[in-house]
Each structure stands twice: as structure tokens, then as C-alpha cells.
Amino acid sequence: MPSLSMETLHDHHPVPHRLDKIEAESVAQVPDSHAWPAHAVHDYPSLDAPSESESVPIIDLSSASGDVVAEIGKACESWGAFQVVGHDAPAELLDSLESEARRLFSLPAHRKLRAAKPPGSITGYGLPPISSFFSKVMWSEGFTISGSPVDDARKLWPQDYARFCEVIEKYNKEMQKLAERLMRLKLLSLGLAGGFRNTTAVLQLNSYPVCPEPDRAMGLAAHTDSGLLTILHQSGAARGLQLLHSDRWVAVPPVRGALVVIVGDLGHVLSNGRFKSVVHRAVVNRIHHRISAAYLCGPSPGVRVSPVGNPADRAYRAVTWREYLGLRAEFFDKAIESIKINTDTEEKNGNGTGCCCAKQQNIAVCM
Ligand SMILES: C=C1C[C@]23C[C@@]1(O)CC[C@H]2[C@@]12CCC[C@@](C)(C(=O)O1)[C@H]2[C@@H]3C(=O)O
Ligand SMILES: O=C(O)CCC(=O)C(=O)O
Ligand SMILES: [Fe+2]
């Protein structure tokens, strides 16, 4: 998997105390550093059983009917997400990834800290990268992989890093195939043949330890993902993922074998705003140690994503993922606003915007 080089992009805010799995399991109360104000946890009302019309769509990729493209387009427009079944990723591989992630997060804190993310780097162990935008600490730990996992895995298991690397590499390959297939289907739903090749990706392993007071804590604060799309694998029993849909938080229950597909900010840009880059978050619970793995897929380095359709109607200027991550590091949830084209400027007419969709012909070939 090609890696994304970001050495200089991240802001360095002081990082508050992290709470690792073992420490989290031993506390009886949420410490003040991790206690989120009630309005942050309960800011939108309903988490009651969602009605039929409020469930994120489940789409079967193996379905013989020709409706898959239309279903995907509709889900991306109305939800900015869907669950996918009938994909080719083997169930055993999903299970192995989860068990490797559990093995990693179950290591004692001092071992995990050997692979702590150095300042300014993307990869390694630590708090969720968006932590620097919040004063309260999230009830989670993360491990970010970009490119080869070998260096970090060696720090965690000097003698026995091969198993972890093998699973990660297999998983990344499988996800790259699926992500590129999903991108082709999404483009088809926008009326374009073609797709993205040599996509880049970041694999984020998330661990949400059990929490004595889930109503006062936040696993992963509300955010959008920045890439073209994210493929999220959530562990079996525990609910946690919630999407903001029609001003309500809607839970996305884990479905055995299903993967959650989330439209990212660049997916929103590519569709010229038709696809929603959905705000989502992860909440925690008292019983289950929840694991998730987010495969965040973006275009290959240097490829600028530009809105499809008539250049005169573009709502966003073209950006590379790297450039956009720089804007996110600065503006977080306002980054998307910062690339909006508000007036009829030259930019809108496409001058110099290295578009990923060759000359806006009916082909979205992305090098
Ligand atoms: C390339 C990246 C995307 C990401 C920030 C990062 O530098 C590394 C991890 C990614 C992740 C995963 C969890 C949610 C998220 C918002 C975060 O804090 O870190 C995403 C970032 C993103 O999509 O911008
Ligand atoms: O754990 C989850 O369900 C959400 C994870 C997520 O949103 C992310 O890693 O970007
Ligand atoms: Fe996310």
C-alpha cells in the first residue's frame, strides 16, 4: 500500500493523558479529564430504536439485479453511508484483523508506548488524531498504519511481528480492491465510467475499552472522514457507531460480515456536493471492549480531486488529499468550507485545476 507522507502537516497541541485499555478497565468513575459535557454526548435527542426508514441501507454487492448502482447513489446522497454485504473480503480475514487489533491493544501501556506516534507523524499508537481539537480526552486508543506496518510492529513485538504484518498487509490489499470497486460504482451512479487507481490509504485501528459511565464519556467525537471513502469494520457484539441523519444520531448496529462504507469529504467534493460526507461518532459501553478498523481511502499522491460535471458549476476547488489533510489539521470541521467556491471566479471555470476526471469527459480516469 503506498504511504502518505505528512511529516509537516499536523499541529502539535499538548496531548492530554491517554487512558489505555487496562487502566480504563480498572477505574470506577470517569475522571474529570475524560468527562464530556452532557450536551456533547446527548446533543441530539433520539437513540431509541430507529424506525425502518431510519436504518442505514444494507446493499448486497453480489446481487444480480442491476439496482446496485442506483442503491449506492441513493444511499450516498441521503445517508452518506451504507452497509455492504456480498463483498469478496473473506470473513476469516475480518476476524483475524480484529484479533490482531485486540492483541495489540491488550499489550501493557509501556509496550504500546514504544510505538507511540512521534510528533508530526501519521503512524503509530496514540489518541485519535482529532483529539487536539477537544479539551476533553476521548475514551479510546488508536493505532494508525500508513504504508508498511513493519517498523511499528517490530517495536511492539520485536520477536514476533510477522503475524501482525501479514494480516495487515492482506487486509489492506483486500480493502484496496473493495474501495476501488466501490469508487467505480459510486462514479457510475454519478453517470461516469472509470475509476481511481493506485489509491492511497490509512488504516486506523480503534479500541474502545469498557467504560464505567458511558453517558459521560465519548469514544470518538463527531467528525467527518477526509478521504474519498472509508470502509469500517466494527467488531461483533457491541454497538458504538452513530451517524448524524436528519438531525438525529442513528446507531449503525454491527451486522455479521457487513462492512460500513462512509463517504468522506473528498467523496463529497468529487460528487460536487451530491454525496453527503456524513458526520459520525463512536460511543462507548459498560460491557464490551469494542474494536473497529477504518480503512480511509484517498486518491494516489499528487492526484487532485475535482468535482464532476460542468466546470462552471463546481462548488469546490480541486485538492489533493495531502493538501486537504493540511486544511483539516488547521480548520478541522471548517476545512470543507475553506475550499468552497463562492463566486464565479476563474477557479470555477477550471483553470489549472488538475482534475481527476480527465477533462470532464464521460470518463473519470484517475492516475
Ligand atoms: C490520514 C489521516 C486521516 C485521519 C487523520 C490521518 O492523518 C490519520 C488517521 C485518520 C483519522 C482516523 C480516525 C478519524 C479521523 C478524523 C482522525 O482523527 O484520524 C481520521 C482522519 C481524517 O479522516 O482526516
Ligand atoms: O469506531 C467507529 O465505529 C468509528 C471509527 C471512525 O469513525 C474512524 O476511525 O474514522
Ligand atoms: Fe470516522
Side-chain angles (χ1 to χ4, degrees), residues 1-11 13 15 56 80-81 83 98 101 105 117 119-134 138-147 199-209 218-236 238-244 249-254 258-268 277-285 288-299 301 319-333 335-336:
M1 177 176 68
S3 72
L4 197 67
S5 157
M6 286 268 308
E7 264 70 45
T8 53
L9 290 181
H10 282 285
D11 255 355
H13 296 263
V15 178
V56 66
Q83 302 224 51
E98 183 184 332
F105 291 114
K117 202 177 284 194
S121 155
I122 295 189
T123 62
Y125 170 73
L127 288 167
I130 49 170
S131 296
S132 56
F133 293 99
F134 298 90
M138 296 175 216
W139 201 267
S140 62
E141 312 166 76
F143 190 81
T144 313
I145 300 165
S146 169
T199 46
T200 3
V202 171
L203 183 64
Q204 172 76 17
L205 305 178
N206 300 303
S207 160
Y208 306 95
M218 180 64 76
L220 186 57
H223 66 280
T224 58
D225 294 341
S226 64
L228 288 165
L229 62 82
T230 299
I231 303 176
L232 185 86
H233 169 39
Q234 42 176 352
S235 67
R239 282 178 175 223
L241 175 65
Q242 297 176 348
L243 305 180
L244 191 56
W249 285 112
V250 177
V252 184
L259 293 162
V260 184
V261 181
I262 296 172
V263 176
D265 287 356
L266 293 188
H268 174 81
S277 83
V278 65
V279 174
H280 56 284
R281 68 180 188 179
V283 295
V284 291
N285 72 85
H288 299 286
H289 170 210
R290 179 170 177 270
I291 295 285
S292 74
Y295 180 90
L296 297 111
C297 171
V319 276
T320 62
W321 196 15
R322 188 176 196 280
E323 187 190 348
Y324 190 66
L325 283 168
L327 295 169
R328 290 261 302 196
E330 197 175 343
F331 304 120
F332 184 43
D333 55 350
I336 196 79

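Numbering of residues begins at 1 and proceeds along the displayed sequence. We count ligands from 1, going down the list as the structure has it; atoms in each ligand are counted the same way.
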Quiz item: Would you say Gln234 contacts ligand 2, with heavy atoms under 4.0 Å as the rule?
Solution: no
Quiz item: Of Asp225, Thr224, Asp333, which is the lone residue that meets side-chain hydrogen bond (donor to acceptor under 3.5 Å, both in side chains) with Arg328?
Solution: Thr224
Practice problem: List every atom of ligand 1 that sits less than 4.0 Å from any heavy atom of Thr144, numbering the atoms from 1 in the order shown and giving each element. | Solution: 8 (C), 9 (C)
Quiz item: Using a heavy-atom cut-off of under 4.0 Å, does the side chain or the backbone of His223 touch ligand 2, or both, or neither?
Solution: side chain
Quiz item: Is there a side-chain hydrogen bond (donor to acceptor under 3.5 Å, both in side chains) between Ser140 and Asn206 once you walk through the steps?
Solution: CA-CA 7 Å; Ser140 62; Asn206 300 303; 6.0 Å; no
Practice problem: Provide, to 0.1 Å, the distance between atom 6 (C) of ligand 2 and the closest protein heavy atom, together with that atom's residue and name. | Solution: Leu220 CD2, 3.4 Å
Self-check item: Polar atom proximity, Ile130 to ligand 1 (N or O, under 3.5 Å)
Solution: yes
Practice problem: May I ask you to identify, for Leu325, whether its side chain, its backbone, both or neither come under 4.0 Å of ligand 1 on a heavy-atom basis? | Solution: side chain
Practice problem: Using a strict cut-off of 4.0 Å, indicate which atoms of ligand 1 neighbour a heavy atom of Gln204. | Solution: 9 (C), 12 (C), 13 (C)
Exercise. Report the part of Asn206 (side chain from C-beta onward, or backbone N, CA, C, O) that has a heavy atom under 4.0 Å from ligand 1; answer both or neither where that applies.
Key: neither
Exercise. Assess Asn206 for proximity to ligand 2: is some non-hydrogen atom of it under 4.0 Å away?
Key: yes
Exercise. Considering the heavy atoms of Arg328, write down every atom of ligand 1 situated less than 4.0 Å from one of them.
Key: 16 (C), 22 (C), 23 (O), 24 (O)
Practice problem: Output yes when the distance from some N or O of ligand 2 to some N or O of Tyr208 is under 3.5 Å, and no in every other case. | Solution: yes
Quiz item: Applying a 4.0 Å heavy-atom criterion (strictly less than), which segment of Leu296 is in contact with ligand 2: side chain, backbone, both, or neither?
Solution: neither
Practice problem: Go through ligand 1 atom by atom and flag the ones less than 4.0 Å from a non-hydrogen atom of Ser226. | Solution: 22 (C), 23 (O), 24 (O)
Quiz item: How are the rings of Phe134 and Phe332 set to each other: parallel, tilted or perpendicular (split at 30° and 60°)?
Solution: perpendicular
Quiz item: What protein heavy atom sits nearest atom 3 (O) of ligand 2, and how far off is it?
Solution: Arg290 NH2, 2.7 Å
